Amino acid sequence: KQEVTQIPAALSVPEGENLVLNCSFTDSAIYNLQWFRQDPGKGLTSLLLIQSSQREQTSGRLNASLDKSSGRSTLYIAASQPGDSATYLCAVDGSSNTGKLIFGQGTTLQVKP
Amino acid sequence: NAGVTQTPKFRVLKTGQSMTLLCAQDMNHEYMYWYRQDPGMGLRLIHYSVGEGTTAKGEVPDGYNVSRLKKQNFLLGLESAAPSQTSVYFCASSSSGTRIYEQYFGPGTRLTVT
């Protein structure tokens with residue numbers, strides 16, 4: 001059974017710092033991995049999706065990498081800002097044709113001014 | 001484009017009552033999903049649909065029923081609510097055309113069962 005783990009559960013950094021969020025999964029047979037952002041009391045916003053054939057994806061200050069063989073993904077946030085404060089969730093799609101996602105429990109990030 | 005919308009945003013039920021949560025998407029997506037989010041448990045898939053008229057069970061389907069009579073709508077029903085169903089419910093949709101299934105989420109429904 002696929003399990004997704006995110007460490008740490010919470011992280012607090014000063015503004016301007018570069019940071020890395022970690023996601024690990026137990027079954028390397030995945031089709032894609034998606035990173036989401038969730039603000040308190042809100043829904044999930046898709047940040048990046050990495051297909052199984054890709055090694056990384058970039059969007060602005062965000063860079064996500066994928067290493068299927070080791071069952072790991074990282075989300076790199078450059079020059080963090082207070083507006084980046086949120087919970088970040090990773091999810092893997094291990095299905096053949098349904099897109100069902102298995103989620104980690106998230107990392108709650110606080111960026112202090 | 002409204003994306004994915006959910007109705008209602010909040011609801012309080014008494015044990016044993018029934019209700020239906022409505023999810024609507026205007027992106028012409030084939031696939032739709034219902035998740036619940038609980039503290040310490042993350043998001044878990046309840047039911048999903050790969051097209052109009054089809055539904056399938058996810059990880060935690062017990063106590064819920066779903067229907068997909070129209071492509072743009074996915075309904076989640078609770079026939080006899082229990083306190084264990086107190087949660088935040090999220091609907092999502094994705095396109096199947098490219099086999100990428102990037103999911104787009106609604107704002108959620110916060111349900112409390114007393």
Side-chain angles (χ1 to χ4, degrees), chain A residues 1-10 21 23-27 29-54 57 59 62 64 66 86-108, chain B residues 2-7 9-10 21 23-25 27 29-51 54-61 68 74 87-110:
Chain A
K1 179 185 173 184
Q2 178 75 268
E3 293 183 1
V4 181
T5 304
Q6 292 184 247
I7 295 174
L21 306 181
C23 173
S24 61
F25 45 95
T26 55
D27 186 346
I30 66 170
Y31 284 81
N32 62 55
L33 183 145
Q34 208 168 343
W35 281 94
F36 294 89
R37 168 185 173 137
Q38 185 176 28
D39 293 292
K42 304 292 186 182
L44 281 67
T45 301
S46 178
L47 297 174
L48 291 164
L49 183 147
I50 310 177
Q51 298 178 56
S52 60
S53 59
Q54 298 174 322
Q57 281 282 357
S59 176
L62 304 180
L66 175 64
T87 296
Y88 292 82
L89 296 150
C90 75
V92 299
D93 172 6
S95 66
S96 59
N97 60 357
T98 62
K100 295 187 295 181
L101 292 177
I102 305 295
F103 280 84
Q105 295 195 23
T107 294
T108 299
Chain B
V4 180
T5 58
Q6 293 183 232
T7 308
K9 290 184 170 51
F10 303 93
L21 283 67
C23 175
Q25 52 93 6
M27 297 174 282
H29 284 169
E30 287 290 333
Y31 290 27
M32 297 186 75
Y33 314 84
W34 275 107
Y35 295 90
R36 60 178 289 174
Q37 185 176 35
D38 303 289
M41 302 294 290
L43 276 96
R44 294 176 293 169
L45 182 66
I46 305 171
H47 286 281
Y48 65 100
S49 169
V50 299
T54 74
T55 63
K57 294 180 180 179
E59 182 184 354
V60 288
R68 183 96 181 270
F74 195 27
S87 186
V88 181
Y89 291 85
F90 289 102
C91 176
S93 70
S94 69
S95 171
S96 64
T98 58
R99 181 48 191 97
I100 295 178
Y101 304 128
E102 182 172 9
Q103 291 193 20
Y104 297 86
F105 279 74
T109 294
R110 187 173 295 274

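FYI, side chains are in, hydrogens and waters are out, and symmetry mates aren't considered; it's all heavy atoms of this structure. This is a predicted model, so every value here is computed, not measured. Chain naming here is simple, since letters A, B, ... match the order of the sequence lines and numbering starts at 1 in each.
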Engaged part of A:Gln6 at the chain B interface, taking heavy atoms whose separation is under 4.5 Å: neither
Distance-minimising heavy-atom pair for B:Phe105 and A:Leu44: CB-O, 3.5 Å
Portion of B:Gln103 that has a non-hydrogen atom of chain A nearer than 4.5 angstrom: both
Heavy-atom proximity to chain A below 4.5 Å, by part of B:Gln6: neither
A:Ser46 to B:Glu102 - nearest heavy-atom pair and separation: OG-OE2, 2.9 Å
Flag if over 12 foreign heavy atoms under 6.0 Å of CZ, B:Arg44: yes
Side-chain touch B:Tyr33/A:Leu101, heavy atoms, less than 4.5 angstrom: no
Winner by heavy-atom pair count (cut-off under 4.5 Å) against chain A, out of B:Tyr48, B:Tyr31, B:Tyr104, B:Phe90: B:Tyr48
Side-chain (A:Gln105) to main-chain (B:Gly42) donor-acceptor, under 3.5 angstrom: no
Inter- and intrachain pairs under salt bridge (charged side-chain N to carboxylate O under 4.0 Å, His left out), touching residues 39-54 of chain A, at least two apart: A:Arg37-A:Asp39
Part of B:Leu45 within contact of chain A (heavy atom distance under 4.5 Å): side chain
Residues, nucleotides or ligands: over 12 heavy atoms within 6.0 Å of B:Met27 CE: yes
